[in-house]
Trainee: 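Mind having a look at this structure? Questions to follow.
What you see below is based on every heavy atom in this structure, not just the backbone, and it leaves out hydrogens, waters and symmetry mates.
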Amino acid sequence: MPVVPTYFQKEMPAVSLLSEAPTATLPIRKHKFPSPTLRLFLHDIAHEGSSIFLSNIKGNEDVEAQVQNVLNLLYSSECERPGTRSVTIVLRSMNGVAYTTGIDLDHDHKELHINLDYIAKTGSPKRHEVLGVICHELVHCFQWAANGTCPGGLIEGIADWVRLRAGLAAKHWKQEAEGKWDGGYQHTGYFLEYLEQRFGEGTVRRINGCLRGKDYDEKRLFGDCCGGHKVEDLWKEYGEELKEKERTKADDGEAPEPIPTHAAQP
Ligand SMILES: [Zn+2]
């Protein structure tokens, strides 16, 4: 199950469901940030993916809602964020799922490319998945990246952590602690959620803030944001906690889940 803290779930607003998906646009917003100009560029209106996108995403609500989710999760005030002034969603056939880029003229203008073939063929509830992809890519429009020196795994982990917190985790996501902490995407995203639970609300926001305007320094970053700990030790402790939970589950059979101390529930 994706981790969505109950205090995010309480005030779920009525979302206009334009199709099948019981998805969430959750109110995690303390601030109303000024929104960038939001645009849509549709390469092929005759593509099945275009119809799915247009019938599942409500243009005057959904993208703006995700912008506010992203900004509220990464920043507590307007002056902390990069100066992104416009985001253009480009729908076209291409390889992969999606990517974000700045335009040559000015990196404050972002293009968020989504593959129409992917939208057409994804088996997940379409609205939930498309909103999840938009949310993930919007993080790339607004996050800091240590002057381009931040490891890609942490960049992608922050993007999927925001997606997780926005209630838009993909159905196939699984919490595990194999390999390295910065394996990226949900693998790192769930670890960041563990850090957020352990060191308090705003931990990931502080990590993102420490990636502003200076080169990547892992020891300093996690030392400053996670109580002086080394990230490798935290990763090990995270793995042990996950294992312990698995053991408890197996031992207890149908017994109720123990109340977590600080780790995210699997
Ligand atoms: Zn990404």
Trainee: Run the ring-centre check on H136 versus H140 and record whether the distance is less than 6.0 Å.
Mentor: yes
Trainee: Rounded to the nearest 0.5 Å, what's the gap from CZ on F53 to CG on L91? Could you check?
Mentor: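 If I round to the nearest 0.5 Å, the distance is 5.0 Å.
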Trainee: Tell me, do K230 and E218 make a side-chain contact under 4.5 Å, heavy atoms counted?
Mentor: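 No, too far: nothing below the 4.5 Å cut-off.
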Trainee: Could you tell me whether E80 and R205 have a side-chain N and a carboxylate O separated by less than 4.0 Å?
Mentor: no
Trainee: Which atom pair, heavy atoms only, marks the closest approach of E48 to A120?
Mentor: OE1-CB, 3.9 Å
Trainee: Before you tell me yes or no, could you show the steps for D117 and S93 under side chain to side chain donor-acceptor pair (under 3.5 Å), namely the whole-Å CA-CA distance, both residues' side-chain angles and the distance that decides it to 0.1 Å?
Mentor: CA-CA 6 Å; D117 304 326; S93 281; 3.1 Å; yes
Trainee: To the nearest 0.5 angstrom, please state how far the CG atom of L112 sits from the OG1 atom of T100.
Mentor: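 So the gap between those two atoms works out to 4.0 Å.
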Trainee: If we only count heavy atoms from C-beta on, is the K219 to V231 side-chain gap below 4.5 Å?
Mentor: no
Trainee: Distance from E111 atom CD to R39 atom CZ, nearest 0.5 Å?
Mentor: 7.5 Å
Trainee: Just how far is it from atom CZ of F33 to atom OG of S77, taken to the nearest 0.5 Å?
Mentor: 6.5 Å
Trainee: I'd like to know whether the aromatic ring centres of F222 and W235 sit less than 6.0 Å apart in this structure.
Mentor: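 Judged by ring-centre distance (under 6.0 Å), F222 and W235 do not meet the cut-off.
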Trainee: If the plane angle is over 60° it's perpendicular, under 30° parallel, otherwise tilted; pick one for Y194 and Y238.
Mentor: tilted
Trainee: Between E246 and K243, does any NZ, NE, NH1 or NH2 come within less than 4.0 Å of an OD or OE carboxylate oxygen?
Mentor: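 Between E246 and K243 there is no salt bridge, as every charged N stays at least 4.0 Å from the carboxylate O atoms.
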Trainee: Under 30°, 30 to 60°, or over 60°: which ring-plane class applies to F199 and H229, parallel, tilted or perpendicular?
Mentor: tilted
Trainee: Does NZ in K30 sit with more than 12 non-hydrogen atoms of other residues, nucleotides or ligands closer than 6.0 Å?
Mentor: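 Count not over threshold, so no.
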Trainee: If you count heavy atoms of other groups shown closer than 6.0 angstrom to OH of Y99, is the number above 12?
Mentor: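 Yes.
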Trainee: Between R247 and E244, does at least one N-O distance fall below 4.0 Å, as a salt bridge requires?
Mentor: yes
Trainee: Centre-to-centre under 6.0 Å for H128 and W173, is that the case here?
Mentor: no
Trainee: Is E241 salt-bridged to K236, cutoff N-O under 4.0 Å?
Mentor: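 A salt bridge is absent here (no side-chain N lies under 4.0 Å from a carboxylate O).
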Trainee: Identify the heavy atoms of L168 and C135 that sit nearest to each other, and give their distance.
Mentor: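 Minimum heavy-atom separation between L168 and C135: CD1-CB, 4.0 Å.
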Trainee: Any link between Y118 and L116 through a network of hydrophobic side chains (Ile, Leu, Val, Met, Phe, Trp, Tyr) touching at under 4.5 Å?
Mentor: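 Yes, same cluster.
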Trainee: Tell me yes or no: between the side chains of E193 and W161, is some donor less than 3.5 Å from an acceptor?
Mentor: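 There is such a pair between these side chains.
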Trainee: Just checking, is any N or O donor in the side chain of T122 or E129 under 3.5 Å from an acceptor N or O on the other one?
Mentor: no
Trainee: For the atom pair CG (L221) and CG (L154), what is the distance rounded to the nearest 0.5 Å?
Mentor: 7.0 Å
Trainee: Report yes if the side chains of E196 and R165 come closer than 4.5 Å at any heavy-atom pair, otherwise no.
Mentor: yes
Trainee: Side chains of I134 and I114, heavy atoms from C-beta outward: is any pair under 4.5 Å?
Mentor: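 Of all side-chain heavy-atom pairs linking I114 with I134, at least one is under 4.5 Å.
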Trainee: For the pair R85 and D106, evaluate side-chain contact (heavy atoms from CB on, under 4.5 Å) and give the outcome as yes or no after the intermediate values.
Mentor: CA-CA 10 Å; R85 285 179 286 151; D106 183 342; 2.3 Å; yes
Trainee: Quiz question: by atom type and distance under 3.5 Å, do the side chains of N208 and Y75 form a donor-acceptor pair?
Mentor: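 On atom types as modelled, these side chains qualify, holding a pair under 3.5 Å.
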Trainee: Hey, could you give me the CG/SG distance between D233 and C226, rounded to the nearest 0.5 Å?
Mentor: 11.5 Å
Trainee: Inspect the surroundings of CG in D215 and state if more than 12 heavy atoms from other residues, nucleotides or ligands are less than 6.0 Å away.
Mentor: yes
